[in-house]
Asker: 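Below you will find the structure I want to go over with you.
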Amino acid sequence: MKKFSYFAPTTVEEAIKVLAGADKDTQIIAGGTDFIVQINHKMISPEKVVDIKKIKELKYVKEENGFIKIGAATNFSELDCSEILLKKAKVLATACGEVGSTQIRNLGTIGGNIANASAAGDSISALMALDASVVLKSEKEERVMRLEEFYQGPGNCQLRKDELLTEIFFQTPNENTATSFKKLGKRKALAIVVISAGALIEKDDNNKCTKAQISLGAISRYPVRVREAEELLIGKELNEQNIEICLEKIAEITNASVANSPFKHLALYKGSAMKGIAREMFANILADLK
C-alpha cells in the first residue's frame with residue numbers, strides 16, 4: 001500500500017483548515033467502509049487522508065425551527081434508532097436500518113453515503129423523498145444545496161475537494177404526512193440494493209393528496225425524484241385506483257430509465273419489481289395515514 005499523510009482533526013474548523021488546498025489526491029473518511037474496499041482494490045491511491053470520525057460536533061439528530069437536522073458523521077445505527085426519525089421521518093430511519101450489516105451500520109455515516117454518490121445509496125433515496133438539502137463548508141464559504149442539485153453537473157457530486165459536508169436537513173413532515181421506504185436486494189444481509197423506493201405523502205381531511213414526493217433508487221446514475229408519478233396523485237383521492245395509476249407510471253419510468261443504461265437487459269424485470277415494492281411502500285403509508 002502506498003504511504004499517505006493522515007490527519008484526524010477534532011473540530012470542523014480544524015478539518016476545514018486541513019482541507020484548504022486539497023486536491024484529487026486528498027481523501028476524506030468517516031467510517032471508512034468504502035475507503036478500505038477502494039484501497040484494497042487499488043481504485044484510489046491518496047496522498048492525504050482526513051479522518052473526521054473524531055469530530056463530535058458532526059454527530060447529532062435534532063429538530064430545530066421546523067427542520068430536522070443531521071450531522072454528517074452520524075452513523076446509520078444512530079439514525080436507525082433515532083426517536084425523531086422514527087416518529088417523523090420513518091423513510092430515513094428504515095433506509096438506514098437496511099444498510100449492510102450491523103458492523104457496517106456502526107461505522108458507516110450518512111455523510112459518507114451521500115458523498116460516495118452511489119446509484120444504490122439507501123439513505124440517498126430516502127433523503128430525496130424528504131427533499132433534503134446539504135451544507136458544504138470550506139475556508140472560503142458555506143454553501144447550501146438541495147440534494148437534487150448536488151447530484152447534477154460534472155463529476156460524481158458537487159462536493160469540492162476543499163469542502164466538508166457538515167449537515168443534512170429537511171423540513172419536518174407535518175402530522176398529516178406519512179413516509180415509507182422499501183428496498184429489494186439479492187439477499188437479506190449485506191445486500192447492495194437492486195432497486196429502492198421512498199415516498200412522503202401528505203393528505204387533507206377529505207383524504208385528498210396534498211403533497212407527493214417519490215424517489216426511486218438504482219434505476220439511473222443517482223436516486224431520482226419521479227415528478228410525473230407524483231403529479232398523478234396530487235389533488236386526487238388516495239384510493240386504490242389512483243395509487244394503481246401512479247404505480248403504472250413508476251414502472252414505466254423505471255423501464256425507460258433502465259433501458260437507456262448499460263443494464264437495459266434488466267428493464268422489464270426492474271419495472272415489475274419496482275412496481276411491487278412501491279405497492280408495499282404505499283400500503284405502509286396508507287396504514288400510517290389512517
Side-chain angles (χ1 to χ4, degrees), residues 30-34 36-37 59 61 68 70-132 147 151 168 170 173 177-201 213-226 247 250 254 266 269-270 272-288:
T33 52
D34 291 315
I36 297 300
V37 173
K59 299 178 183 180
V61 181
I68 292 175
I70 301 169
T74 309
N75 69 40
F76 293 117
S77 292
E78 291 164 330
L79 295 169
D80 175 25
C81 298
S82 163
E83 290 186 10
I84 293 175
L85 296 184
L86 287 168
K87 185 176 180 182
K88 299 186 176 181
K90 195 189 294 183
V91 58
L92 184 55
T94 304
C96 293
E98 296 194 8
V99 172
S101 64
T102 302
Q103 294 90 334
I104 290 172
R105 290 194 293 277
N106 287 341
L107 285 173
T109 65
I110 190 166
N113 203 220
I114 292 170
N116 197 40
S118 166
D122 291 323
S123 70
I124 301 173
S125 185
L127 288 167
M128 283 281 188
L130 291 164
D131 197 25
L147 204 54
Y151 291 121
I168 304 97
F170 52 88
T177 301
T179 66
S180 181
F181 174 85
K182 294 298 292 186
K183 153 182 173 178
L184 179 66
K186 290 182 179 177
R187 49 198 164 96
K188 288 186 177 179
L190 297 170
I192 291 177
V193 65
V194 173
I195 51 171
S196 67
L200 176 151
I201 303 293
Q213 296 171 184
I214 304 169
S215 69
L216 306 181
I219 66 167
S220 59
R221 178 64 187 86
Y222 309 112
V224 291
R225 285 276 296 276
V226 284
L247 290 173
I250 284 172
T254 300
L266 297 174
Y269 157 71
K270 283 214 173 188
S272 300
M274 187 66 85
K275 187 176 175 181
I277 66 164
R279 182 176 281 113
E280 292 179 22
M281 178 184 74
F282 274 111
N284 291 340
I285 285 174
L286 292 181
D288 286 344

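The structure displayed is predicted, hence computed values, not measured ones.
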Asker: Would M128 and V224 count as a side-chain contact (heavy atoms from CB on, under 4.5 Å) if you check the C-alpha gap in whole Å, the side-chain angles of each, and the deciding distance to 0.1 Å?
Answerer: CA-CA 7 Å; M128 283 281 188; V224 291; over 6 Å; no
Asker: Are the side chains of V91 and S180 in contact, using a 4.5 Å heavy-atom criterion?
Answerer: no
Asker: Nearest 0.5 Å, what's the CG-CG distance between L92 and L130?
Answerer: 6.5 Å
Asker: Any side-chain heavy atom of L147 sitting closer than 4.5 Å to one from I114?
Answerer: yes
Asker: Nearest 0.5 Å please: distance from the OG1 atom of T177 over to the CD atom of Q213.
Answerer: 9.0 Å
Asker: Do D122 and K183 come within less than 4.5 Å of each other through their side chains, counting heavy atoms only?
Answerer: yes
Asker: Which heavy atom of L247 sits nearest a heavy atom of A278, and at what distance?
Answerer: CD2-CB, 3.5 Å
Asker: Say you draw a straight line from NZ of K182 to OG1 of T94; how long is it, rounded to the nearest 0.5 Å?
Answerer: 8.5 Å
Asker: Below 4.5 Å, heavy atoms only, C-beta onward: do E98 and F181 meet side chain to side chain?
Answerer: yes
Asker: Provide the closest heavy-atom pair for I285 versus A199 in the form atom of the first, atom of the second, distance.
Answerer: CD1-CB, 3.8 Å
Asker: Please round to the nearest 0.5 Å and tell me the distance separating atom CD1 of I110 and atom NZ of K59.
Answerer: 14.5 Å
Asker: Enumerate the side-chain hydrogen bond (donor to acceptor under 3.5 Å, both in side chains) contacts for residues 102-117, please, sequence neighbours excluded, ordered by first and then second residue.
Answerer: D34-N116, S77-N106, S101-Q103, T102-R105, N113-S123
Asker: Going by the salt bridge (charged side-chain N to carboxylate O under 4.0 Å, His left out) test, which pairs reach into residues 75-87, not counting sequence neighbours?
Answerer: none
Asker: Would you indicate whether the side-chain heavy atoms of K90 and L85 approach each other to under 4.5 Å?
Answerer: no
Asker: Quick one: closest heavy-atom pair of S125 and G198, and the distance?
Answerer: OG-N, 4.1 Å
Asker: Measuring from F170:CZ to D131:CG, what's the distance to the nearest 0.5 Å?
Answerer: 11.0 Å
Asker: Quick one: closest heavy-atom pair of A117 and I124, and the distance?
Answerer: CA-CD1, 4.4 Å
Asker: Does the side chain of L107 come within less than 4.5 Å of F76's, by heavy atoms?
Answerer: no
Asker: Do you know the tightest heavy-atom contact between A197 and L216?
Answerer: CB-CD2, 3.9 Å
Asker: Out of curiosity, K270 NZ to T254 OG1, how far, rounded to the nearest 0.5 Å?
Answerer: 9.0 Å
Asker: Tell me, do F282 and I250 make a side-chain contact under 4.5 Å, heavy atoms counted?
Answerer: yes
Asker: Taking C-beta and beyond as the side chain, do R221 and Y151 meet within less than 4.5 Å on heavy atoms?
Answerer: no
Asker: Minimum heavy-atom separation for P173 and L200, please, with both atom names.
Answerer: CG-CD1, 4.0 Å
